[in-house]
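Working notes for the structure below.
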Amino acid sequence: MPFEPLHQESLIQQRWMEAQAFRAPRASELKPGDRTFYMLVMLPYPSGRIHMGHVRNYTLGDVVARFRRMRGDKVMNPLGWDSFGLPAENAAIKNGIHPALWTRANIQEMKGQIQKMGISYDWDREIATFLPEYYRWNQWFFLKMWERGDVFRALRNVNWCEALGTVLANEQVVDGKDERTGHPVVQKALEQYFFAITKYADELLAGHDQLDWPENVKAMQRHWIGKSEGARLTFDLAGGEKVQVFTTRLDTLCGVTFMALSTEHPFIVKAAESDPGLKAFCDQVAAMSREDRLMSDIKLGHRSRLEAIHPFTGERIPIFAANYVLMDYGTGAVMGVPAHDERDHAFAEKYGLPIPKVIESENPWEPGILVNSGEFDGMTSEEAVDAMVARLGGRAEKAITFKLKDWGLSRQRYWGTPIPTVHCPHCGVVPEKAENLPIRLPEDVAFAGAGASPLLTSPTFLDCACPACGRPARRETDTMDTFVDSSWYWMRYLDPKNAELPFAKAEADAWSPVDLYIGGIEHATMHLIYARYFHKIMRDLGLASGDEPFRKLICQGMVLKDGFKMSKSKGNIVDPDEVIAKYGADALRLFMIFAAPIEKEIDWTGFEGIDGATRFLRRATRMVEEHVPTRDPLPAKDQLTAEEKTLLVKLHQTLHKVTDDLDHRYQFNTLVSSLMETSNALADLPADAPHRGAVMQHALEVFTLMLSPAAPHLAEQLWQTLGHEGFCMHAAWPVADPAWLSADEVTVVVQVNGKVRGRILVPASATGDERRAAALACPEALHHLEGKEVVKVVVPPGGKLVSIVVK
RNA sequence: GCCGGCGUGGCGAAAUGGCAGACGCGACAGACUCAAAAUCUGUUUCACGCAAGUGAGUGUCGGUUCGACCCCGACCGCCGGCACCA
């Protein structure tokens with residue numbers, strides 16, 4: 001059969017499907033001693049069409065999954081849909097299509113496209129997060145976490161648009177206005193639900209040690225969690241009240257000349273009520289958009305009428321409201337030490353405050369030796385902290401602060417998991433009973449666009465009975481952040497139809513943790529922190545074992561076009577579907593893994609790369625077509641000609657390397673190079689080689705098996721042509737034969753003073769001394785030894801080289 | 001500013017302390033063809049040379065080593081993340 005990718009590929013896909021070739025076993029089907037491998041790619045959002053990023057991600061995962069299967073592992077390789085979220089709701093508002101219909105249509109479209117790529121997913125395990133069978137478990141987790149005290153309610157600011165009467169996501173707000181209608185957006189505090197993720201902050205930080213993850217991802221998470229060790233210190237106010245600050249530099253306490261509080265700090269808010277100047281300043285800061293606040297590093301402050309008392313000196317310290325103090329970090333109040341903090345310094349200069357030096361060190365912002373600090377003079381910063389804590393008694397204690405915030409999960413949206421609580425006029429906020437799950441999204445809603453959240457328009461949803469007292473109550477209309485959906489989905493794949501639990505412990509123990517997780521770097525912090533958090537919750541609920549969900553993580557690079565991210569707005573999208581239609585899935589897969597190392601960007605400058613992949617596949621096909629299949633056994637080594645032996649040595653050396661690339665190194669671009677080298681070596685075997693039939697049969701079989709993970713459709717076709725029944729994808733991965741890993745004779749490089757001066761051919765069995773002697777007799781080397789004294793001859797292990805040192 | 005990563009041909013890249021540039025793209029030359037496409041063969045780091053060859057070469061400078069793209073130190077440049085976090 002000639003190389004006809006499209007025709008062949010769909011036929012082969014159909015055969016795989018009919019044979020359930022990608023099916024992953026249930027835990028009960030696994031036998032003792034079975035090796036399992038859980039290959040996971042990040043859950044896609046069903047936006048409508050797949051893009052090259054998906055293609056790259058799924059191809060890489062599929063190469064690993066197929067390789068592991070051939071190695072004899074039991075492989076879990078599932079896919080599903082992250083199918084709640086804003087785009088579906090926007091489409092509903094814009095086109096009047098119900099989000100469910102829009103979502104279903106997109107999933108169907110994208111699934112078809114992915115299937116054309118020949119990715120070996122076990123589609124029986126497919127999940128979609130918008131289905132009640134899935135999101136009921138989000139609700140179930142919420143209730144379990146509520147019981148454990150991992151859920152709480154608190155006020156948090158949202159982007160509120162008064163004209164629309166709705167809440168907007170950050171990306172919908174541009175320049176303080178709704179992106180579509182231009183109506184003004186303000187910050188408004190709403191009572192919302194939170195997961196207490198900060199309880200796990202320390203464990204999330206420590207857990208990195210056991211993870212085989214890219215260093216930059218771990219660094220981003222460390223930064224995000226932002227652990228900071230210091231002290232909490234209470235100052236008395238002149239009026240008798242107390243204000244607490246957090247500082248990492250308690251040692252600088254004697255250098256405090258002012259105190260700065262966030263404009264949102266309760267004391268400032270209260271003081272502003274009777275201080276119009278302060279009120280005006282706070283309003284001015286509040287009116288600044290988030291971007292403006294971040295962009296400007298200008299320190300603004302306003303002196304309040306409040307004063308604090310220095311705990312050592314009793315001096316009065318002015319209290320300012322300042323724009324550079326954040327309410328949601330630490331205590332929202334800082335002690336100003338202008339001599340030893342860059343920001344405080346700028347502030348003090350601007351407002352004419354004294355800047356007394358209390359630390360002697362090279363860099364004023366770094367710790368050192370205390371001066372002008374009374375009894376603490378001469379101490380190191382470290383000693384001073386302990387001494388001051390002791391001296392301050394109950395006013396100060398060592399404390400740790402995190403940047404990580406508790407996870408606000410409320411969304412004032414329709415297309416998400418309804419939060420399973422009820423507002424009862426008598427009982428307050430009450431969790432729904434577990435047996436009433438799922439709380440389904442209602443159908444009778446209006447997507448007017450303007451106005452309230454669609455859930456508020458559904459009487460059948462709103463009116464309910466209080467789970468506690470049974471009297472009429474109102475259902476919660478907030479839905480969950482879609483990150484909840486993706487924080488445990490990989491466990492649901494293991495038991496996707498379980499109606500009793502999110503998944504059975506037996507399945508979790510059989511497959512978890514995920515062995516390899518591949519996805520985009522854009523999920524380095526949010527998704528990958530939430531998922532790690534949820535895994536720990538699942539562990540603590542007794543559902544899963546182990547501390548971490550993803551053993552190894554690889555973040556694949558983006559696919560660009562002419563240096564830019566492909567996007568609709570730029571009009572530079574290369575549609576995978578069209579490429580597959582023209583070149584076939586195998587060529588696209590091969591190009592995707594060959595073009596660059598996995599974590600680097602690929603720039604799709606043109607179609608030359610994929611042309612190259614196609615040429616290679618054609619050559620391979622032709623080589624197999626021209627070969628006459630034979631069952632003749634491979635003759636003994638000593639009967640073969642030099643060329644035949646050269647081919648077999650190259651073949652087995654390459655096999656060894658390819659196995660290593662796939663098994664340990666996860667280096668896929670060199671896998672393809674190796675395949676090309678093998679094919680070139682095959683082409684070099686003389687047409688009249690005496691044992692050509694048997695040698696080629698063996699070599700082509702190994703080649704086809706090695707090709708199978710990357711270009712699985714063609715491999716099936718070639719496998720058949722070579723005279724085999726059954727699927728190539730189910731054949732055993734070949735093992736490199738040690739007899740062929742080295743040739744009879746090997747080339748030894750001769751170096752003189754580190755420069756390559758000659759090469760000699762020695763028997764593979766030659767000892768180190770024999771190699772040394774042969775090297776010293778090498779004519780090209782001798783030329784460079786003339787008139788010099790040989791100081792030393794090094795024959796390193798491996799014997800591929802002899803290094804001669806002369807003077 | 002802080003954190004992480006990366007600097008190798010015309011381009012994508014390879015080399016797990018041991019022959020730098022595998023493999024591919026592009027380019028050039030040739031074969032086939034009336035011609036083109038496709039395909040095949042060869043050349044392709046730079047300098048000098050007809051050639052054999054010689055010398056230089058992995059951002060820069062230094063170090064360790066018989067031997068460094070690889071390890072160590074300093075610097076330069078680029079990319080990514082975070083960014084008033086007290």
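Here is how names work: the chains are called A, B, and so on, in the same order as the sequence lines, proteins then strands, and each is numbered from 1.
The nucleotide B:A29 finds its pairing partner in B:U41, both defining distances of the Watson-Crick or G-U wobble pair being shorter than 3.5 Å. The pairing partner recorded for B:G9 is none, the criterion being a Watson-Crick or G-U wobble arrangement whose two distances lie under 3.5 angstrom. Here B:C46 sits opposite B:G55 as a Watson-Crick or G-U wobble pair (both hydrogen-bonding atom distances under 3.5 Å). Across all strands shown, B:C70 remains unpaired; no Watson-Crick or G-U wobble contact has both distances below 3.5 Å. Shown here, B:G17 forms no base pair; nothing in the strands shown gives a Watson-Crick or G-U wobble contact with both key distances under 3.5 Å.
OP1 or OP2 of B:A13 has at least one side-chain nitrogen or oxygen of A:K600 nearer than 4.0 Å. Taking only side-chain nitrogens and oxygens, A:N216 never comes nearer than 4.0 Å to OP1 or OP2 of B:C82. A close approach under 4.0 Å does not occur between any side-chain nitrogen or oxygen of A:N323 and OP1 or OP2 of B:C84. The side chain of A:R665 contributes an N or O atom lying less than 4.0 Å from OP1 or OP2 of B:A15. At the phosphate of B:A86, OP1 or OP2 sits under 4.0 Å from a side-chain N or O atom of A:S228. Between B:A15 and A:Q667, a contact under 4.0 Å exists linking OP1 or OP2 to a side-chain N or O. Note on A:R619: every side-chain N or O is 4.0 Å or more away from OP1 and OP2 of B:U39.
Among the nucleotides B:A86, B:C40, B:C66, the one closest to the side chain of A:F246 is B:A86. Listed nucleotides: B:C25, B:G81, B:G55. Nearest to the side chain of A:R615: B:C25. Residue A:V794 places its side chain closer to B:C66 than to any other of B:C66, B:A86, B:C3. Of the candidates B:G12, B:A22, B:G81, the closest approach to any side-chain atom of A:E677 belongs to B:A22. Looking at the side chain of A:T248, the nearest of the listed nucleotides B:A14, B:G24, B:A86 is B:A86. Distances from the side chain of A:P796 to the nucleotides B:G18, B:A86, B:C23 place B:G18 closest. Across B:C3, B:A56, B:G26, the shortest atom-to-atom separation from the side chain of A:K755 is found for B:A56. Checking B:C40, B:A13, B:C84 against every side-chain atom of A:Y324, the shortest atom distance belongs to B:C84. Residue A:V756 has its side chain nearest to B:A20 when only B:G18, B:G81, B:A20 are considered. Each of B:C40, B:A14, B:G81 was ranked by its minimum atom distance to the side chain of A:R622; first place goes to B:C40.
Between the side chain of A:S708 and the backbone N or O of A:A715 there is no donor-acceptor pair closer than 3.5 Å. Judged by distance alone, with hydrogens and angles left aside, the side-chain atoms of A:R532 form a donor-acceptor pair with the main-chain N or O of A:L204 at under 3.5 Å. Checked by atom type and distance alone, the side chain of A:R665 never pairs as donor or acceptor with a backbone atom of A:K657 at under 3.5 Å. Proximity of a side-chain donor or acceptor of A:H340 to a complementary backbone N or O of A:V358 within less than 3.5 Å is detected. Formation of a donor-acceptor pair under 3.5 Å by the A:K299 side chain with backbone atoms of A:K350 is not found in this model.
A:V574 is listed as a side-chain neighbour of A:M566, based on a closest heavy-atom distance under 4.5 Å.
Within residues 330-342 of chain A, the residues that have a heavy atom under 4.0 Å from RNA chain B are, in order of number, A:V334.
Of the candidates A:D251, A:T252, A:L253, A:V385 forms a side-chain contact (heavy atoms from CB on, under 4.5 Å) with just one, namely A:D251.
Salt bridge annotation for A:E215-A:R222: present, with a cationic side-chain nitrogen under 4.0 angstrom from a carboxylate oxygen.
In A:F607, the CZ atom is crowded: over 12 heavy atoms of neighbouring residues, nucleotides or ligands sit closer than 6.0 Å. At most 12 non-hydrogen atoms from other residues, nucleotides or ligands lie less than 6.0 angstrom from NE2 of A:H656.
In terms of polar N and O atoms assigned as donor or acceptor, the side chain of A:K800 never comes within less than 3.5 Å of the base of B:C19 in a complementary pairing. Put simply, the side chain of A:S673 and the base of B:A22 share a donor and an acceptor less than 3.5 Å apart. Side-chain atoms of A:R759 and base atoms of B:C19 include a donor and an acceptor less than 3.5 Å apart.
B:G12 shows a glycosidic angle more than 90° from 0 and is accordingly assigned anti.
Within the structure, every pair that satisfies the side chain to side chain donor-acceptor pair (under 3.5 Å) test and touches residues 584-604 of chain A, not counting sequence neighbours, is listed here: A:D62-A:R589, A:D586-A:H713.
Between A:N753 and A:W224, it is A:N753 whose nearest contact on RNA chain B lies nearer the 5' terminus.
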For nucleotides 27-30 of chain B, list the nitrogen or oxygen atoms of the protein found under 3.5 Å from its nitrogen or oxygen atoms, one pair per line.
none

